[in-house]
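Okay, so here's the structure we're looking at.
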2 protein chains.
Amino acid sequence: MANVSSSRWDDQIAVPEVVVGRLPQYVRVLRELLSDGVQVANSQQLGQQLQVTPAQIRKDLSYFGRFGKQGRGYSVVRLLDELQQILGLNQQWNVVVIGVGRLGRAILSYPGFTPDGFHIVAALDNNPSLIGQEVEEVMVRPVEDLDLVVKEQNITIAVVAVPVGFTQQVIDKLVTCGIRAILNYAPSSPQVPDTVKIRSIDPVLSLQSMTYYLTNGGE
Amino acid sequence: MANVSSSRWDDQIAVPEVVVGRLPQYVRVLRELLSDGVQVANSQQLGQQLQVTPAQIRKDLSYFGRFGKQGRGYSVVRLLDELQQILGLNQQWNVVVIGVGRLGRAILSYPGFTPDGFHIVAALDNNPSLIGQEVEEVMVRPVEDLDLVVKEQNITIAVVAVPVGFTQQVIDKLVTCGIRAILNYAPSSPQVPDTVKIRSIDPVLSLQSMTYYLTNGGE
DNA sequence: TAGATTGTTAATCGATTAACAATC
DNA sequence: TAGATTGTTAATCGATTAACAATC
């Protein structure tokens with residue numbers, strides 16, 4: 001019942017960004033539970049693991065569908081699969097890294113991306129002495145080839161690891177090429193149109209927001 | 001006037017965590033303005049740079065004091081210095097890195113911490129073949145020495161770069177040693193008492209929250 | 001069936017924004 | 001002084017939590 005067309009979950013209600021931000025954490029916990037052999041979990045148990053209230057978990061999930069069973073809870077495999085589907089984690093994503101300096105190389109050699117379906121298939125730099133070199137099985141190409149590389153290799157995500165002064169111009173180029181998801185490692189907050197998503201990895205900002213508590217309040 | 005004791009800004013009102021989280025970004029923008037030779041900026045201009053409303057900037061700052069001049073705006077040097085003071089950025093912070101694997105070494109060689117006053121003065125691992133080695137001018141010591149090292153070198157911040165399975169136990173040890181600020185690079189969400197601040201650097205989570213928009217909504 | 005837990009609505013809480021008197 | 005912009009209060013907006021009927 002109540003299956004009238006106007007009640008379909010994806011009709012109008014936009015999902016708040018803060019909810020989307022929590023889903024990957026749900027996925028992580030569900031994977032753990034799955035590998036621990038847990039078959040069913042209720043919102044109470046999930047909430048405990050995730051440090052959020054059970055009500056929030058149920059509310060968050062309700063934006064996407066009805067995945068639980070009253071009186072029982074959620075099937076771990078089922079919920080995991082649904083969330084992975086929703087987030088697009090059941091597919092491969094091709095990634096280009098811009099900037100093959102110290103940081104760029106660390107990113108290229110980081111083994112944590114591949115198991116989650118993020119494949120670094122291209123690396124660009126404008127340093128002539130790097131171009132043509134092979135780094136972690138990826139050939140370094142000039143930044144001018146960006147457009148070409150993105151099309152050729154069906155790339156949808158870019159990781160930016162260039163010096164801070166070049167960040168904005170590189171990101172502008174990425175946007176022009178049609179890239180709509182950017183992971184920025186430079187200590188800057190570049191501007192993008194709101195059709196494009198960007199996340200910045202910025203350890204110094206994280207440290208600086210903690211020293212506040214070391215300096216003041218904390219007895 | 002209105003300087004009665006009960007109206008002092010730091011009397012009761014706790015500063016929301018979300019406000020503290022924005023201050024380091026304010027600092028960054030102010031530093032840019034300073035190096036561009038800008039002497040005065042109003043909340044309108046600051047808001048533009050930071051992509052927030054002028055009202056939010058004024059409100060945020062009002063938690064800490066009255067730094068502006070009506071009709072003019074804020075002195076860039078003055079405001080910068082005040083915020084650096086509030087965040088504790090005018091002092092040096094000694095940092096220990098736990099885990100000297102691939103990631104730990106990348107962190108040790110990252111040049112972005114030092115200019116902001118974060119000095120990595122110790123590195124710990126439990127791999128016997130690493131102990132005693134010097135990495136980026138820091139001698140690797142066994143994890144058992146943690147307590148000793150923290151005391152000896154007056155360390156207040158820890159960076160965790162151990163494999164995910166060891167994260168929680170390492171963090172428990174840090175908490176026991178009195179560390180109250182932790183930067184965690186492992187893909188996990190460790191539990192800490194709420195006297196301790198922790199921030200996690202997790203590029204995969206960031207990517208996963210963006211693929212949602214690549215998969216669905218984005219026309 | 002009785003017990004448990006969901007999905008959802010309504011109440012609460014907190015953060016953002018608007019508005020404006022104070023004042024440089 | 002007139003004009004501009006702050007600091008702050010009140011209004012709005014949005015997110016979290018509580019509560020409970022629906023239902024497994």
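Chain letters run A, B, ... following the sequence lines, proteins first and then strands; every chain starts at 1.
Distance CG (B:Leu50) to P (C:dT16): 14 Å, rounded to an integer number of Å.
Side-chain N or O atoms of B:Thr211 include one that pairs as donor or acceptor with a backbone N or O of A:Leu87 at under 3.5 Å. In this structure a side-chain-to-backbone donor-acceptor pair under 3.5 Å is present from B:Gln45 to B:Asn42.
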Distance-only check: which donor-acceptor pairs under 3.5 Å involve side-chain atoms of residues 95-114 of chain A, not counting sequence neighbours?
from: A:Arg105; atom 1: NH1; to: A:Val100; atom 2: O; distance (Å): 3.1
from: A:Ser109; atom 1: OG; to: A:Arg105; atom 2: O; distance (Å): 3.2
from: A:Ser109; atom 1: OG; to: A:Ala106; atom 2: O; distance (Å): 3.2

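Residues B:Leu46 and B:Tyr26 fail the side-chain proximity criterion, which asks for heavy atoms closer than 4.5 Å. Taking the side chain as every heavy atom from C-beta outward, B:Met210 and B:Leu214 never approach each other to under 4.5 Å.
Under a cut-off of 6.0 angstrom, the local environment of CZ in A:Phe166 is sparse, with at most 12 non-hydrogen atoms contributed by other residues, nucleotides or ligands.
Applying side-chain contact (heavy atoms from CB on, under 4.5 Å) to B:Ile179 and the options B:Val150, B:Thr156, B:Val196 leaves one that passes, B:Val150.
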Between the protein and nucleotides 3-9 of chain C, which nitrogen or oxygen pairs are less than 3.5 angstrom apart?
from: C:dT5; atom 1: OP1; to: A:Asn42; atom 2: ND2; distance (Å): 3.2
from: C:dT5; atom 1: O4'; to: A:Gly71; atom 2: N; distance (Å): 2.8
from: C:dT5; atom 1: O2; to: A:Gly71; atom 2: N; distance (Å): 3.3
from: C:dT6; atom 1: OP1; to: A:Ser43; atom 2: N; distance (Å): 2.7
from: C:dT6; atom 1: OP2; to: A:Ser43; atom 2: OG; distance (Å): 2.7
from: C:dG7; atom 1: OP1; to: A:Phe67; atom 2: N; distance (Å): 3.0
from: C:dG7; atom 1: OP1; to: A:Gly68; atom 2: N; distance (Å): 2.7
from: C:dG7; atom 1: OP2; to: A:Tyr74; atom 2: OH; distance (Å): 2.7
from: C:dG7; atom 1: N7; to: A:Arg58; atom 2: NE; distance (Å): 2.9
from: C:dG7; atom 1: O6; to: A:Arg58; atom 2: NE; distance (Å): 3.4
from: C:dG7; atom 1: O6; to: A:Arg58; atom 2: NH2; distance (Å): 2.8

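Here the shortest heavy-atom pairing between A:Ser209 and A:Ser206 reads OG-O, 3.1 Å.
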* Asked: Taking only Watson-Crick and G-U wobble pairs with both distances under 3.5 Å, what dot-bracket line describes DNA chain C, where [ ] shows pairs that cross earlier ones and | shows pairs with another strand?
  -> ..||||||||||||||||||||||

